[in-house]
Amino acid sequence: MSERRALLIVNADDFGLTEGTNAAIVRAHGAGIVTSTSLLANGGAFDQAVAAARKRPSLDVGLHLTLTEGFPVAPIDEIPALLAANGELPLSNQPFARALASGRLPIAQIRREFEAQAAKVADSGLKPSHIDGHKYIHLLPGITAIAAEIARRFAIPVMRVPHHLVDAPSRMGRLPGLAVMAALGKVAAPVARRAGLRTTDHTLGFVDTGHLDRAALERLLRTTRAGTTELLCHPADRSPALDHLLARGYRWIAGYDFEAETSALSSPEARAFAEQAGWQLGTFREKG
(Lines give C-alpha, C1' and ligand atoms only; values in the text may rest on other atoms or scores of the structure.)
Protein backbone atom coordinates (compact mmCIF):
# COMPACT_ATOMS: atom_id res chain seq x y z
CA MET A 1 0.00 0.00 0.00
CA SER A 2 1.40 3.38 -0.95
CA GLU A 3 2.17 5.85 1.82
CA ARG A 4 -0.52 8.47 2.38
CA ARG A 5 -0.10 11.98 3.72
CA ALA A 6 -1.12 12.74 7.29
CA LEU A 7 -3.74 15.47 6.83
CA LEU A 8 -4.80 17.19 10.06
CA ILE A 9 -8.02 19.19 10.23
CA VAL A 10 -8.29 21.20 13.45
CA ASN A 11 -11.99 21.97 13.73
CA ALA A 12 -13.38 24.44 16.27
CA ASP A 13 -17.02 23.83 17.17
CA ASP A 14 -19.68 26.39 18.15
CA PHE A 15 -18.78 29.23 15.77
CA GLY A 16 -21.56 31.77 16.20
CA LEU A 17 -22.39 30.86 19.81
CA THR A 18 -21.05 34.12 21.29
CA GLU A 19 -18.86 36.96 20.10
CA GLY A 20 -16.14 35.68 22.45
CA THR A 21 -16.32 32.25 20.81
CA ASN A 22 -16.00 33.86 17.38
CA ALA A 23 -13.04 36.00 18.44
CA ALA A 24 -11.16 33.01 19.85
CA ILE A 25 -11.76 30.88 16.76
CA VAL A 26 -10.64 33.67 14.43
CA ARG A 27 -7.51 34.24 16.51
CA ALA A 28 -6.71 30.52 16.66
CA HIS A 29 -7.05 30.37 12.89
CA GLY A 30 -4.95 33.43 12.15
CA ALA A 31 -2.13 32.85 14.58
CA GLY A 32 -2.35 29.20 15.48
CA ILE A 33 -3.53 25.80 14.41
CA VAL A 34 -7.30 25.96 13.77
CA THR A 35 -8.08 25.36 10.10
CA SER A 36 -11.84 24.79 10.19
CA THR A 37 -14.93 25.59 12.21
CA SER A 38 -18.57 24.47 12.55
CA LEU A 39 -21.25 27.17 12.54
CA LEU A 40 -24.35 27.18 14.78
CA ALA A 41 -27.26 28.58 12.78
CA ASN A 42 -29.16 29.45 15.96
CA GLY A 43 -26.17 30.98 17.73
CA GLY A 44 -26.52 34.41 19.30
CA ALA A 45 -23.50 35.69 17.34
CA PHE A 46 -24.36 34.04 14.02
CA ASP A 47 -24.26 37.22 11.94
CA GLN A 48 -20.89 38.25 13.36
CA ALA A 49 -19.51 34.77 12.65
CA VAL A 50 -20.67 34.95 9.03
CA ALA A 51 -19.07 38.37 8.60
CA ALA A 52 -15.82 37.09 10.09
CA ALA A 53 -15.81 34.03 7.83
CA ARG A 54 -16.39 36.13 4.73
CA LYS A 55 -13.26 38.13 5.55
CA ARG A 56 -11.24 34.94 6.00
CA PRO A 57 -11.78 32.56 3.07
CA SER A 58 -8.96 30.35 4.38
CA LEU A 59 -11.16 29.45 7.38
CA ASP A 60 -13.18 26.41 6.34
CA VAL A 61 -16.78 26.51 7.59
CA GLY A 62 -19.21 23.66 8.20
CA LEU A 63 -22.78 23.31 9.48
CA HIS A 64 -23.16 22.49 13.19
CA LEU A 65 -26.68 21.04 13.42
CA THR A 66 -28.39 21.40 16.77
CA LEU A 67 -31.61 20.43 18.53
CA THR A 68 -30.56 21.99 21.84
CA GLU A 69 -29.94 25.37 23.45
CA GLY A 70 -31.57 28.57 22.33
CA PHE A 71 -34.32 29.32 19.86
CA PRO A 72 -34.99 27.17 16.80
CA VAL A 73 -34.54 28.50 13.28
CA ALA A 74 -37.76 27.05 11.88
CA PRO A 75 -41.10 28.67 12.86
CA ILE A 76 -42.10 27.33 16.27
CA ASP A 77 -45.59 26.35 15.11
CA GLU A 78 -43.98 23.89 12.66
CA ILE A 79 -41.81 22.13 15.26
CA PRO A 80 -43.72 22.00 18.59
CA ALA A 81 -42.43 18.53 19.47
CA LEU A 82 -38.84 19.82 19.54
CA LEU A 83 -39.42 22.56 22.10
CA ALA A 84 -39.17 22.71 25.87
CA ALA A 85 -41.85 24.30 28.00
CA ASN A 86 -40.24 27.75 27.62
CA GLY A 87 -40.61 27.64 23.84
CA GLU A 88 -36.90 27.12 23.23
CA LEU A 89 -34.92 24.03 22.34
CA PRO A 90 -34.09 21.83 25.36
CA LEU A 91 -30.74 22.09 27.12
CA SER A 92 -29.75 18.47 26.44
CA ASN A 93 -30.27 15.67 23.94
CA GLN A 94 -32.05 13.53 26.52
CA PRO A 95 -35.60 14.27 25.28
CA PHE A 96 -34.61 12.99 21.85
CA ALA A 97 -32.88 9.91 23.22
CA ARG A 98 -36.04 9.09 25.19
CA ALA A 99 -38.20 9.69 22.13
CA LEU A 100 -36.00 7.34 20.12
CA ALA A 101 -36.25 4.64 22.78
CA SER A 102 -40.05 4.92 22.83
CA GLY A 103 -40.37 4.94 19.05
CA ARG A 104 -41.68 8.52 19.03
CA LEU A 105 -38.81 10.45 17.48
CA PRO A 106 -40.40 13.44 15.65
CA ILE A 107 -38.62 12.76 12.37
CA ALA A 108 -40.54 15.24 10.22
CA GLN A 109 -40.06 18.10 12.66
CA ILE A 110 -36.35 17.37 13.09
CA ARG A 111 -35.99 17.39 9.31
CA ARG A 112 -37.80 20.74 9.16
CA GLU A 113 -35.50 22.33 11.76
CA PHE A 114 -32.36 20.97 10.09
CA GLU A 115 -33.59 22.26 6.74
CA ALA A 116 -34.09 25.71 8.24
CA GLN A 117 -30.61 25.71 9.78
CA ALA A 118 -28.96 24.60 6.53
CA ALA A 119 -30.93 27.16 4.52
CA LYS A 120 -29.95 29.96 6.90
CA VAL A 121 -26.26 29.17 6.44
CA ALA A 122 -26.67 28.81 2.66
CA ASP A 123 -28.57 32.12 2.47
CA SER A 124 -25.64 33.82 4.23
CA GLY A 125 -23.49 33.07 1.19
CA LEU A 126 -21.29 30.53 2.93
CA LYS A 127 -20.85 27.09 1.38
CA PRO A 128 -20.36 24.51 4.15
CA SER A 129 -17.72 21.87 3.46
CA HIS A 130 -18.87 19.53 6.22
CA ILE A 131 -21.77 18.73 8.50
CA ASP A 132 -21.75 17.66 12.14
CA GLY A 133 -23.86 18.04 15.26
CA HIS A 134 -23.83 20.05 18.47
CA LYS A 135 -23.43 17.52 21.28
CA TYR A 136 -23.13 14.94 18.47
CA ILE A 137 -26.90 14.97 17.91
CA HIS A 138 -26.40 13.90 14.30
CA LEU A 139 -25.09 10.51 15.51
CA LEU A 140 -28.29 9.52 17.30
CA PRO A 141 -29.82 6.61 15.37
CA GLY A 142 -32.74 7.87 13.35
CA ILE A 143 -31.22 11.35 13.14
CA THR A 144 -28.08 10.42 11.20
CA ALA A 145 -30.14 9.65 8.09
CA ILE A 146 -31.82 13.07 8.32
CA ALA A 147 -28.45 14.81 8.64
CA ALA A 148 -27.16 12.84 5.65
CA GLU A 149 -30.24 13.82 3.63
CA ILE A 150 -29.67 17.49 4.49
CA ALA A 151 -26.01 17.19 3.52
CA ARG A 152 -26.89 15.81 0.10
CA ARG A 153 -29.63 18.37 -0.48
CA PHE A 154 -27.30 21.27 0.28
CA ALA A 155 -24.26 19.75 -1.48
CA ILE A 156 -22.23 19.28 1.70
CA PRO A 157 -19.73 16.51 0.92
CA VAL A 158 -18.32 15.47 4.32
CA MET A 159 -19.94 14.31 7.57
CA ARG A 160 -18.25 14.02 10.95
CA VAL A 161 -18.42 10.36 11.91
CA PRO A 162 -16.00 9.59 14.77
CA HIS A 163 -15.86 5.85 14.13
CA HIS A 164 -12.08 5.66 14.63
CA LEU A 165 -11.46 7.55 17.87
CA VAL A 166 -7.81 7.43 18.84
CA ASP A 167 -7.76 9.44 22.07
CA ALA A 168 -5.57 8.41 24.97
CA PRO A 169 -7.32 7.77 28.33
CA SER A 170 -6.12 11.06 29.83
CA ARG A 171 -9.41 11.99 31.49
CA MET A 172 -11.01 8.87 32.96
CA GLY A 173 -14.41 10.49 33.49
CA ARG A 174 -14.88 10.78 29.75
CA LEU A 175 -14.07 7.20 28.88
CA PRO A 176 -17.71 5.99 29.08
CA GLY A 177 -18.67 8.79 26.73
CA LEU A 178 -15.82 7.82 24.44
CA ALA A 179 -17.15 4.27 24.26
CA VAL A 180 -20.68 5.50 23.47
CA MET A 181 -19.34 7.85 20.80
CA ALA A 182 -17.34 5.07 19.18
CA ALA A 183 -20.41 2.81 19.11
CA LEU A 184 -22.61 5.54 17.62
CA GLY A 185 -19.94 6.27 15.05
CA LYS A 186 -19.84 2.68 13.88
CA VAL A 187 -23.60 2.74 13.34
CA ALA A 188 -23.50 6.13 11.59
CA ALA A 189 -20.60 5.32 9.25
CA PRO A 190 -22.55 3.08 6.82
CA VAL A 191 -25.40 5.60 6.76
CA ALA A 192 -22.97 8.29 5.64
CA ARG A 193 -21.39 5.98 3.07
CA ARG A 194 -24.76 5.03 1.56
CA ALA A 195 -25.52 8.73 1.18
CA GLY A 196 -22.26 9.22 -0.69
CA LEU A 197 -20.71 11.34 2.06
CA ARG A 198 -17.04 11.24 2.92
CA THR A 199 -15.69 10.93 6.46
CA THR A 200 -12.30 11.30 8.08
CA ASP A 201 -10.12 8.31 8.90
CA HIS A 202 -9.47 9.24 12.54
CA THR A 203 -10.83 11.56 15.24
CA LEU A 204 -8.85 13.15 18.06
CA GLY A 205 -9.81 15.39 20.97
CA PHE A 206 -13.08 13.97 22.32
CA VAL A 207 -11.51 13.15 25.67
CA ASP A 208 -9.45 16.34 26.01
CA THR A 209 -11.69 18.97 24.45
CA GLY A 210 -12.30 21.77 26.92
CA HIS A 211 -8.94 20.99 28.51
CA LEU A 212 -6.77 21.00 25.43
CA ASP A 213 -3.79 22.83 26.89
CA ARG A 214 -0.36 22.84 25.28
CA ALA A 215 0.74 19.58 26.91
CA ALA A 216 -2.42 17.75 25.83
CA LEU A 217 -2.19 19.16 22.33
CA GLU A 218 1.39 18.03 21.89
CA ARG A 219 0.59 14.60 23.31
CA LEU A 220 -2.21 14.13 20.78
CA LEU A 221 -0.18 15.37 17.84
CA ARG A 222 3.13 13.69 18.60
CA THR A 223 2.22 10.66 16.47
CA THR A 224 1.02 11.18 12.90
CA ARG A 225 -1.50 8.91 11.22
CA ALA A 226 -1.84 8.26 7.52
CA GLY A 227 -5.02 9.57 5.97
CA THR A 228 -7.21 12.33 7.38
CA THR A 229 -7.56 13.13 11.09
CA GLU A 230 -9.98 15.61 12.65
CA LEU A 231 -8.97 17.22 15.93
CA LEU A 232 -12.03 18.47 17.82
CA CYS A 233 -11.67 21.63 19.88
CA HIS A 234 -13.66 24.40 21.57
CA PRO A 235 -11.73 27.67 21.77
CA ALA A 236 -13.62 30.59 23.30
CA ASP A 237 -12.96 33.79 25.19
CA ARG A 238 -14.83 33.99 28.46
CA SER A 239 -17.37 36.79 28.24
CA PRO A 240 -20.58 37.97 29.90
CA ALA A 241 -22.48 36.22 27.11
CA LEU A 242 -20.77 32.90 27.82
CA ASP A 243 -21.33 33.30 31.55
CA HIS A 244 -24.99 34.08 30.88
CA LEU A 245 -25.33 30.82 28.96
CA LEU A 246 -23.78 28.97 31.88
CA ALA A 247 -26.22 30.60 34.29
CA ARG A 248 -29.11 29.52 32.04
CA GLY A 249 -28.06 25.90 32.27
CA TYR A 250 -25.52 25.29 29.50
CA ARG A 251 -23.70 22.86 31.79
CA TRP A 252 -21.44 21.41 29.10
CA ILE A 253 -19.22 24.50 29.36
CA ALA A 254 -19.06 24.55 33.17
CA GLY A 255 -15.77 22.71 33.54
CA TYR A 256 -14.04 23.90 30.38
CA ASP A 257 -10.71 25.69 30.68
CA PHE A 258 -11.34 27.99 27.76
CA GLU A 259 -8.32 30.17 28.49
CA ALA A 260 -5.81 27.30 28.34
CA GLU A 261 -7.41 25.70 25.28
CA THR A 262 -7.63 28.95 23.35
CA SER A 263 -4.05 29.85 24.25
CA ALA A 264 -2.71 26.50 23.06
CA LEU A 265 -4.68 26.55 19.80
CA SER A 266 -3.69 30.17 19.06
CA SER A 267 0.02 29.55 19.48
CA PRO A 268 2.35 29.67 16.44
CA GLU A 269 4.40 27.08 18.31
CA ALA A 270 1.48 24.64 18.08
CA ARG A 271 1.45 24.96 14.30
CA ALA A 272 5.22 24.50 14.17
CA PHE A 273 5.00 21.44 16.44
CA ALA A 274 2.34 19.82 14.27
CA GLU A 275 4.26 20.43 11.08
CA GLN A 276 7.52 19.20 12.57
CA ALA A 277 5.75 16.05 13.72
CA GLY A 278 4.80 15.39 10.11
CA TRP A 279 1.21 16.63 9.91
CA GLN A 280 -0.07 18.56 6.91
CA LEU A 281 -2.58 21.08 8.17
CA GLY A 282 -5.64 21.35 5.96
CA THR A 283 -9.42 21.46 5.69
CA PHE A 284 -12.38 19.25 4.83
CA ARG A 285 -12.24 20.64 1.30
CA GLU A 286 -8.94 18.79 0.90
CA LYS A 287 -10.39 15.51 2.21
CA GLY A 288 -9.94 12.98 -0.57
Side-chain angles (χ1 to χ4, degrees), residues 8-66 69-70 117 120-121 124-136 156 158 160 200 203-206 208-214 216-217 220-221 229-246 250 252-253 256-271 274 281-286:
L8 178 67
I9 301 165
V10 183
N11 191 80
D13 283 358
D14 302 332
F15 199 39
L17 181 65
T18 70
E19 292 188 359
T21 305
N22 295 345
I25 290 172
V26 166
R27 189 166 68 254
H29 173 66
I33 198 172
V34 166
T35 61
S36 177
T37 189
S38 297
L39 177 61
L40 275 168
N42 76 331
F46 173 85
D47 290 338
Q48 188 208 42
V50 170
R54 286 175 176 164
K55 293 177 182 177
R56 296 165 181 84
S58 60
L59 178 61
D60 194 28
V61 177
L63 172 59
H64 203 43
L65 296 170
T66 185
E69 301 170 355
Q117 292 177 21
K120 183 177 179 179
V121 173
S124 76
L126 298 179
K127 296 182 179 179
S129 66
H130 61 280
I131 194 167
D132 53 42
H134 190 47
K135 298 184 177 179
Y136 308 95
I156 303 173
V158 181
R160 173 188 287 167
T200 59
T203 305
L204 285 171
F206 176 82
D208 287 292
T209 190
H211 304 275
L212 199 60
D213 57 19
R214 182 170 179 175
L217 188 61
L220 289 173
L221 299 184
T229 298
E230 180 186 8
L231 173 63
L232 312 172
C233 60
H234 290 82
D237 290 338
R238 290 305 289 251
S239 65
L242 202 62
D243 290 336
H244 178 66
L245 293 178
L246 178 59
Y250 287 37
W252 60 271
I253 65 175
Y256 277 18
D257 189 342
F258 286 112
E259 182 176 352
E261 181 152 334
T262 302
S263 176
L265 294 165
S266 303
S267 167
E269 289 77 17
R271 176 177 287 269
L281 290 168
T283 69
F284 287 99
R285 298 193 186 281
E286 299 165 60

[X] side chain vs [Y] backbone, donor-acceptor pair below 3.5 Å:
| X | Y | answer |
| --- | --- | --- |
| Glu261 | Phe258 | no |
| Asp14 | Leu17 | no |
| Asp213 | Ala260 | no |
| Arg271 | Gly32 | yes |
| Thr262 | Ala236 | yes |
| Thr283 | Thr35 | no |
| Arg54 | Ser124 | yes |

* Salt-bridged, Lys135 to Glu69, with N to O below 4.0 Å? ->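 Looking at Lys135 and Glu69, the cut-off is met.
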* Nearest-0.5 Å distance that lies between atom CD in Glu19 and atom CG in Leu242 ->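 Between atom CD of Glu19 and atom CG of Leu242 there are 12.0 Å.
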* Asked: Distance from Thr37 atom OG1 to His130 atom NE2, nearest 0.5 Å?
  ->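 Rounded to the nearest 0.5 Å, the OG1-NE2 separation comes out at 7.0 Å.
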Are [X] and [Y] side-chain neighbours, meaning at least one heavy-atom pair lies under 4.5 Å?
| X | Y | answer |
| --- | --- | --- |
| Leu232 | Tyr136 | yes |
| Arg27 | Asp237 | yes |
| Arg214 | Glu269 | yes |
| Arg160 | Thr203 | no |
| Leu212 | Leu220 | yes |
| Asp243 | Arg238 | yes |
| Cys233 | Val10 | yes |

* Closest heavy-atom pair and its distance - Asn22, Ala45 ->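 Result for this residue pair: ND2-O, 3.1 Å.
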* Determine whether the side chains of Ser38 and Asp132 contain a donor N or O and an acceptor N or O closer than 3.5 Å. => yes
* Strictly by modelled atom types, are His134 and Asp13 linked by a side-chain donor-acceptor pair under 3.5 Å? ->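 No, Asp13 and His134 have no side-chain donor paired with an acceptor closer than 3.5 Å.
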